[in-house]
Amino acid sequence: GINWNSETYVVDTGNSPDSLYGTAALSAITDYARSTGKRAIANNSWGSSPGQGMDTNQRDVMNNVNTRDQVLYMFSSGNDDVSPVNYPSRWAEQLNNVISVGAVDDRGLRISKSMTNPGAGGASSGGYNWTGNPAWGSNYGAGLTLVAPTIVPSTNINGGYYSLSGNNPSGFGGTSAAAPNASGVASLVWSANTNLVAFDIKSILTGTANRVWQSWGGSNSDNQYGAGLIDAEAAVRRANALNQNRNVASLYNHQGLFFA
């Protein structure tokens, strides 16, 4: 994966009898981090419909004073193509250890339903134009922290390729694919400087994010991109620099050293 030295701990989330969901799932991650003393990047791809699901119990689990420096919660923003992002992703507005992740294609464009509707131009990735059935778009607006790439070749639990309906080759898409990409980068950054806490990682990722809309002279109206496109190299460099000299670290951003 993106951080090849990290361990993986899996919590089965869903609606089946042996799955955990919501507060119980978040508590399982928090309890694991507390009992092992390990730092954790908690990747989550679940949530409520837009405008619903504000659960303060979930907020309180993530904001636990004993573990909030130790666990960084990553959430997909949702695939409804609306503003704002879904809960619990939206807790990123209030909590320093929560990140809401939206999705862009390989041109750096936020993916919308107008791109993924069958018969539309499609979202660009790997030389293909991807549509969806049903169409989907990355949620944006209040709560969105940053964006990450989506639509990637992926294997499923049986070892075969994950099938994204109607496309060839098969791939894994949606903000559910963007969030684990961002989680992998966050884990890599934390491994570069283990003296940091969860808030530091969030600050590094947002501070070094690439303002992709500037490349085509656009704007970030309605917070469609949050801080921008996650930049693994710039973020790791800043984390390393913070371990050496905080004044030098402040010179790093998404364009590299010494650029404004």
Quiz prompt | Donor-acceptor contact present, side-chain Asn3 to main-chain Ser187, <3.5 Å | solution = yes

Quiz item: Does some side-chain heavy atom of Lys38 sit less than 4.5 Å from a side-chain heavy atom of Tyr32?
Solution: yes

Exercise. Kindly say whether Arg110 contributes a backbone atom to a donor-acceptor pair with the side chain of Gln224 at under 3.5 angstrom?
Key: no

Quiz item: Asp81 side chain to Lys113 main-chain N or O, any donor-acceptor pair under 3.5 Å?
Solution: yes

Exercise. Could you go through the side-chain contact (heavy atoms from CB on, under 4.5 Å) check for Val236 and Val189 one step at a time?
Key: CA-CA 5 Å; Val236 169; Val189 172; 4.0 Å; yes

Self-check item: Sub-4.5 Å side-chain heavy-atom contact between Asp200 and Leu242
Solution: no

Quiz item: Hey, does the side chain of Arg68 reach the backbone of Asn66 with a donor-acceptor pair shorter than 3.5 angstrom?
Solution: no

Quiz prompt | Residues Ser138, Ser77; criterion side-chain contact (heavy atoms from CB on, under 4.5 Å); working and verdict | solution = CA-CA 7 Å; Ser138 177; Ser77 68; 3.6 Å; yes

Self-check item: For Trp91, ring pair (Phe, Tyr, Trp, His ring centres under 6.0 Å) partners two or more places apart
Solution: Tyr87

Practice problem: Step by step, work out the side-chain contact (heavy atoms from CB on, under 4.5 Å) result for Ile29 and Val61. | Solution: CA-CA 10 Å; Ile29 297 167; Val61 167; over 6 Å; no

Exercise. Not counting sequence neighbours, which residues clear salt bridge (Lys or Arg N to Asp or Glu O under 4.0 Å) with Asp31? List them please.
Key: Arg34

Quiz item: Just wondering, do Leu229 and Pro149 contact through their side chains at under 4.5 Å, heavy atoms?
Solution: yes

Self-check item: Smallest separation among heavy atoms of Thr116 and Ala123, with atom names
Solution: CG2-CB, 4.5 Å

Practice problem: Answer yes or no: is there a side-chain heavy-atom contact under 4.5 Å between Asp105 and Met115? | Solution: yes

Exercise. First locate atom CG of Leu146, then atom CG of Leu205, and finally report the distance between them rounded to the nearest 0.5 Å.
Key: 6.5 Å

Quiz item: Cluster question for you: counting only ILVMFWY and a side-chain heavy-atom cut-off of under 4.5 Å, with indirect links fine, are Ile230 and Phe199 together?
Solution: no

Exercise. Decide whether Val98 and Tyr21 are clustered together by the hydrophobic rule: side chain heavy atoms of Ile, Leu, Val, Met, Phe, Trp, Tyr closer than 4.5 Å, transitively.
Key: yes

Quiz prompt | Pair Arg237-Asn240, side-chain contact (heavy atoms from CB on, under 4.5 Å): steps then yes or no | solution = CA-CA 5 Å; Arg237 286 182 181 276; Asn240 275 321; 5.8 Å; no

Practice problem: Looking only at non-hydrogen atoms, find the nearest pair between Gly141 and Asn223 and report the distance. | Solution: O-ND2, 2.9 Å

Quiz item: Using a distance-only test with no angle check, is there a side-chain donor-acceptor pair under 3.5 angstrom linking Asn79 and Thr175?
Solution: yes

Exercise. Supply the atom-to-atom distance Arg59 CZ to Leu95 CG, rounded to the nearest 0.5 angstrom.
Key: 7.5 Å

Quiz item: Between the main-chain N or O of Tyr225 and the side-chain N or O of Asn220, is there a donor-acceptor pair closer than 3.5 Å?
Solution: yes

Exercise. State, without any angle test, whether Ser112 and Tyr140 hold a side-chain donor-acceptor pair at a distance under 3.5 Å.
Key: no

Quiz item: Roughly how far, to the nearest 0.5 Å, is OG of Ser76 from CG of Asn139?
Solution: 9.0 Å

Quiz prompt | Inter-residue atom distance Asn97.CG - Thr67.OG1, 0.5 Å rounding | solution = 7.5 Å

Exercise. Answer yes if Val82 and Met54 sit in the same cluster of Ile, Leu, Val, Met, Phe, Trp and Tyr residues linked by side chain heavy atoms under 4.5 Å apart, and no otherwise.
Key: no

Quiz item: So, Asn193 side chain and Ala239 main chain: donor-acceptor pair closer than 3.5 Å or not?
Solution: yes

Exercise. Determine yes or no for a side-chain-to-main-chain donor-acceptor pair under 3.5 angstrom, with Thr145 supplying the side chain and Ser100 the backbone.
Key: yes

Quiz item: Hey, any chance Val197 and Met74 share a hydrophobic cluster, counting ILVMFWY side chains that come within less than 4.5 Å of each other, even indirectly?
Solution: no

Quiz item: Quick one: side-chain hydrogen bond (donor to acceptor under 3.5 Å, both in side chains) partners of Asn243, sequence neighbours excluded?
Solution: Asn195

Quiz item: What closest approach, in Å, do Gly108 and Val212 show between heavy atoms, and which atom pair accounts for it?
Solution: O-CG2, 3.7 Å

Practice problem: Determine the minimum heavy-atom distance between Gln70 and Trp190, stating which atoms define it. | Solution: O-CH2, 3.3 Å

Exercise. Can you measure from CG (Asn181) to CG (Asn43) and round to the nearest 0.5 angstrom?
Key: 9.5 Å

Quiz item: For Arg107 and Ser124, which heavy atoms make the closest approach, and how far apart are they?
Solution: NE-CB, 3.5 Å

Quiz item: Taking the inter-plane angle between the rings of Phe75 and Trp46 on a 0 to 90° scale, is it parallel (under 30°), tilted (30 to 60°) or perpendicular (over 60°)?
Solution: perpendicular

Quiz item: If you round to the nearest 0.5 Å, how far is OG of Ser49 from CG of Asp80?
Solution: 6.5 Å

Self-check item: Minimal non-hydrogen separation, Leu72 against Ala186, with atom names
Solution: CD2-CB, 4.1 Å

Quiz prompt | Any Asn44 side-chain heavy atom under 4.5 Å of Leu26 side chain | solution = yes

